[in-house]
Amino acid sequence: MQIITDPAEMQAIAENLRLQRQLIGVVMTMGALHDGHLSLVRLAQKRAGTVIMTLFVNPLQFGPDEDFERYPRPFEQDAALARSAGVDYLFAPEPGLMYPEEFRCTVDPGPMAGRFEGSARPGHFRGVATVVLKLLNITKAHVAFFGEKDAQQLAIIRRIAADMNIDTRIEAAPIAREPDGLATSSRNIYLSPEEREHAAALYRAIRHAEAETGRGRRDLAAIAKEGLAIVSSAPGAKPDYLCFVDDDTFEPADEAAPGKAYRLVMAVRIGTTRLIDNWRYMCEGNRDT
Ligand code: PAF
């Protein structure tokens, strides 16, 4: 595995790979690698001949009161994990090379970015959209892999790729979960043992929604309310939001229509740690009936 820190060098390598007709897959990360990231690498290896992992804690996507400084940066451990997972290139750029002094332009991620995670974290998706576009241009990837856990991020990246005619296929990987269902996340390490136990309530709300929609209920607002009660009953849990949305637009949805896809999305604070999770639901049946 080669470690590259200079965007221009990475871009030259990527250009060369393209000339050699190599299919490039990219997995973008902010480091603190866990099973979720490694499952993205495994998926990338199935789809592409060369796998580039980017590792960059992007300052642009953190608000002033967020955990940018506190964000874990175990570089040696991450590099060892990436190497043993079979990553070909680890692109870990210097912040000053990504955002030099003369840097001015950012990407407007559109209306979807104002909701949910976007309203809780103003400017977050502008930072994500900007760095993702930069990393796509630097790595020249044919396919980019993103985890479904950050479903709103994924939907926004898909929207940008479509709207801007970006020549990279965006592929989603299912959420990796721990044995009790908690979605794997770099933030899980902030949970105390008790909080870690209570965090399983998020997945219980998902299971409830799965069971209720599975028996034919379409009253999404009511099912979400029940999920909210499940999450709120966990000690120390403070939900920011928990509701169903249209899977494409992220507009809130109260009632399911046949043939349409929805997503149960939630953000919950357990103690001081903010966790997100989601579940996609396809309402069976014919759209026209
Ligand atoms: O999902 C993440 O880890 C980040 O938002 C991403 C896509 C690597 C951009 O910094």
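Whatever order the structure lists them in is the order used to number ligands and atoms, beginning at 1.
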Please produce the table of protein N or O atoms sitting under 3.5 Å from N or O atoms belonging to ligand 1, one pair a line, distance to 0.1 Å.
{"from": "ligand 1", "atom 1": "1 (O)", "to": "Q153", "atom 2": "NE2", "distance (Å)": "2.9"}
{"from": "ligand 1", "atom 1": "5 (O)", "to": "Q61", "atom 2": "NE2", "distance (Å)": "3.0"}
{"from": "ligand 1", "atom 1": "5 (O)", "to": "Q153", "atom 2": "OE1", "distance (Å)": "2.7"}
{"from": "ligand 1", "atom 1": "10 (O)", "to": "Q61", "atom 2": "OE1", "distance (Å)": "2.7"}

### Presence of salt bridge, R158 and E171, under 4.0 angstrom
no
### Message
Between D277 and R177, does the salt bridge (Lys or Arg N to Asp or Glu O under 4.0 Å) criterion hold? Intermediate values first, please.
### Response
CA-CA 10 Å; D277 206 341; R177 297 189 179 278; 2.9 Å; yes
### Check ion pair R217-E212 (N to O, under 4.0 angstrom)
yes
Anything under 3.5 Å between a donor and an acceptor, one on a side chain of residues 25-39, the other on a protein residue two or more places apart or in another chain? List them.
{"from": "T29", "atom 1": "OG1", "to": "G31", "atom 2": "N", "distance (Å)": "3.1"}
{"from": "T29", "atom 1": "OG1", "to": "T54", "atom 2": "O", "distance (Å)": "2.9"}
{"from": "H34", "atom 1": "ND1", "to": "G36", "atom 2": "N", "distance (Å)": "3.0"}
{"from": "H37", "atom 1": "ND1", "to": "H34", "atom 2": "N", "distance (Å)": "3.0"}
{"from": "S39", "atom 1": "OG", "to": "G36", "atom 2": "O", "distance (Å)": "2.9"}

### Salt-bridge present (E178, R196; N to O < 4.0 Å)
yes
### Task
Using a strict cut-off of less than 4.0 Å between a Lys/Arg side-chain nitrogen and an Asp/Glu carboxylate oxygen, indicate whether K260 and D246 qualify as a salt bridge.
yes
